[in-house]
2 protein chains.
Amino acid sequence: MVLTDSEQLAFAVAEARTGRAEGGIPIGAALIVDGAVLAVGRNRRVQQASAIRHGETDCLENAGRLPASVYARATMVTTLSPCDMCTGAILLYKIPRVIIGENTTFSGGEDYLRSRGVDVVVLDDADCVQLMSDFIREEPVLWNEDIGEEGAAA
Amino acid sequence: MVLTDSEQLAFAVAEARTGRAEGGIPIGAALIVDGAVLAVGRNRRVQQASAIRHGETDCLENAGRLPASVYARATMVTTLSPCDMCTGAILLYKIPRVIIGENTTFSGGEDYLRSRGVDVVVLDDADCVQLMSDFIREEPVLWNEDIGEEGAAA
């Protein structure tokens with residue numbers, strides 16, 4: 001049985017909710033290969049005092065060292081439009097497809113991904129928008145830090 | 001006393017040599033802020049079984065969570081032209097200047113960095129070229145893995 005895009009997104013949303021419950025930034029990701037979840041990840045800026053563990057990069061790290069042939073069959077699922085770093089990580093590993101929960105609260109490297117031949121799908125998911133909208137209202141300084149902006153509230 | 005570009009590069013080269021001595025990939029980085037080394041890092045694919053610890057990202061992780069105002073005064077120094085992921089990490093944090101040891105053995109996101117307003121300096125350093133040339137000859141499969149290519153020797 002093939003997972004729909006929304007079913008794949010659900011794994012990333014679950015990670016985002018876990019991250020928020022930990023006091024972190026609610027962005028989650030999943031790496032889907034051959035119709036199954038190979039790894040999941042979530043933003044760990046708070047939890048690990050990390051500058052590089054975004055949802056997608058944490059997911060790639062959790063997936064471990066993989067041959068290029070596996071990345072070539074993978075889909076990166078993320079609750080939020082990927083930042084420049086995560087856009088670059090997707091390109092480094094030549095992941096051919098990206099499913100994005102929403103790009104309303106933040107718009108990242110989608111056009112650059114497409115220009116490099118990546119198939120990008122934006123689901124405009126209401127739960128993802130709600131998660132991030134609530135978080136940005138509650139923690140504007142933390143959110144700005146995560147996207148490399150100065151800490152003052154928006 | 002202001003450090004020259006070559007003096008800054010020396011910190012990254014030392015990391016690259018340490019990485020090779022550990023059995024890893026000889027790419028190192030340093031984050032220079034206000035004329036001093038704030039953090040160093042090196043590729044840890046082998047040492048930590050990591051898919052995301054390249055020289056530059058390891059350096060950013062070692063630097064910890066920093067305000068945007070610190071990144072805005074920083075220079076990222078790296079022994080090798082940055083891959084797409086590390087290019088994106090530099091852009092995420094709006095680091096305004098990048099010093100690259102060499103781009104002969106691998107050419108990454110330099111043009112994209114420049115198109116986004118980053119000042120990129122390539123030193124064409126003979127020691128950096130030698131380090132990578134020796135490594136690629138000795139470990140072609142490992143090197144291909146690190147840049148998202150299939151493992152067969154070049």
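Convention: sequence-line order gives letters A, B, ...; per-chain numbering from 1.
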Highest number of heavy-atom pairs under 4.5 Å with chain A among B:G88, B:A72, B:P67 belongs to B:G88
For each of B:T57, B:I90, B:D58, tally heavy-atom pairs with chain A at distances under 4.5 Å, and name the one with the top tally. B:T57
Output the distance between atom CG (B:L91) and atom SG (A:C83), rounded to the nearest 0.5 Å. 10.0 Å
To the closest 0.5 Å, what do you measure between CG (A:D84) and CE (B:M85)? 14.0 Å
Do any N or O atoms from the side chain of B:E150 and from the backbone of A:S69 form a donor-acceptor pair under 3.5 angstrom? yes
Using the rule that two of Ile, Leu, Val, Met, Phe, Trp, Tyr join whenever any of their side-chain heavy atoms come within less than 4.5 Å, decide whether [X] and [Y] are in one cluster.
X      : Y      : value
B:F135 : B:V129 : no
B:I25  : A:L60  : no
B:M76  : A:I147 : no
A:L66  : A:V98  : yes
B:I100 : B:I32  : no

Contacts of residues 104-127 of chain A with chain B (heavy atom under 4.5 Å): A:Y112, A:R116
Considering only heavy atoms, give the residues of residues 45-55 of chain B separated from chain A by less than 4.5 Å, sorted numerically, with 'none' for an empty result. B:R45, B:V46, B:A49, B:S50, B:A51, B:I52, B:R53, B:H54
Part of A:T87 lying under 4.5 Å from any heavy atom of chain B: neither
With a 4.5 angstrom heavy-atom cut-off, is it the side chain or the backbone of A:D146 that approaches chain B, or both, or neither? backbone
Between A:E61, A:E145, A:K94, the one whose heavy-atom pairs under 4.5 Å with chain B are most numerous: A:E61
